[in-house]
Amino acid sequence: MNAPEKIAVGSDHAAVEAKDRVIKRLRELGREARDFTVLTGGKADYPVAGRRVALAVAGGEFQRGVLLCGTGLGMSFAANRIRGIRAALCLNSEFAVLSREHNDANILIMPGRATIYEPWEKILETWLATPFSGDERHVRRNRMLDAPETE
Ligand code: RB5
């Protein structure tokens, strides 16, 4: 039997309830989910969990990650600063599919407060289930992200 996929999860204070629902759903889907959120006095600055989750994924301890903040934008900025991370803010399942097939996104970001155009469960499940296409052009572009100076 394969070991369950390990997913690192985190949020700021604007998305704690959404993050708890995501963790519950990931566990129902057979994933091992760990919460990297650090709440201090009811607040959690998005750069903290964003960086912790991104480092856990970039370091290989976790296969993929899910991050949430109010808009998803702060988490995008935080996670994508870490080399090797391709974190995708997905507002619908089309973004979820393309972020996996083309970008091989290793972190899914969703907003806790902003408009989302489909149920978050559909976005999450689509993202988890969609494989990277492996097409040469996408592999090449992903490599360019980590080595822009060579292009
Ligand atoms: C926190 O209020 C809010 O700024 C944050 O959740 C997020 O939307 C930032 O990008």
Side-chain angles (χ1 to χ4, degrees), residues 4-133 138 141-149:
E5 184 181 20
K6 291 175 75 176
I7 312 267
V9 183
S11 78
D12 73 353
H13 50 272
V16 169
E17 283 175 27
K19 178 263 299 170
D20 288 343
R21 287 196 296 268
V22 165
I23 289 176
K24 184 167 176 284
R25 188 75 194 118
L26 284 169
R27 289 178 179 155
E28 287 166 359
L29 292 167
R31 269 47 177 215
E32 190 181 317
R34 190 191 298 170
D35 191 355
F36 284 78
T37 308
V38 185
L39 275 171
T40 309
K43 294 285 180 191
D45 295 327
Y46 60 78
V48 177
R51 186 175 167 79
R52 282 163 55 99
V53 164
L55 288 172
V57 173
E61 193 194 344
F62 286 75
Q63 277 100 55
R64 291 191 281 181
V66 180
L67 285 167
L68 304 102
C69 64
T71 58
L73 293 170
M75 284 302 188
S76 300
F77 303 146
N80 282 309
R81 273 177 163 66
I82 304 299
R83 189 181 179 81
I85 291 301
R86 295 175 302 279
L89 174 56
C90 295
L91 302 179
N92 62 27
S93 54
E94 186 185 359
F95 272 40
V97 167
L98 293 173
S99 76
R100 291 288 310 128
E101 286 184 346
H102 289 194
N103 308 108
D104 196 16
N106 46 15
I107 294 184
L108 167 67
I109 303 179
M110 293 187 288
R113 279 182 183 157
T115 302
I116 197 162
Y117 299 101
E118 286 177 74
W120 65 266
E121 295 93 333
K122 186 173 177 201
I123 299 171
L124 175 69
E125 288 168 31
T126 302
W127 191 82
L128 289 171
T130 305
F132 177 44
S133 70
H138 298 308
R141 289 168 190 157
N142 283 346
R143 265 201 222 110
M144 286 168 75
L145 290 174
D146 286 328
E149 65 282 357

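All figures in this text were calculated on a predicted structure; none of them were measured in a lab. Values below: every heavy atom of this structure, side chains too, minus hydrogens, waters and symmetry copies. Every number for a ligand or one of its atoms is a count from 1 in the order of the listing.
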Should we count [atom1] of [X] as having more than 12 external heavy atoms under 6.0 Å?
X	atom1	result
D45	CG	no
R51	CZ	no
R141	CZ	yes
E17	CD	no

Task: Any donor-acceptor N/O pair, N80 side chain to A87 backbone, under 3.5 Å - done: yes
Task: Those protein residues which place at least one heavy atom below 4.0 Å from ligand 1 - done: D12, H13, A14, Y46, C69, G70, T71, L73, G74, R113
Open item on the list: Under the ring pair (Phe, Tyr, Trp, His ring centres under 6.0 Å) definition, can you give me all pairs with a residue in residues 56-107, not counting sequence neighbours?
Closed with: F36-F62, H102-H138
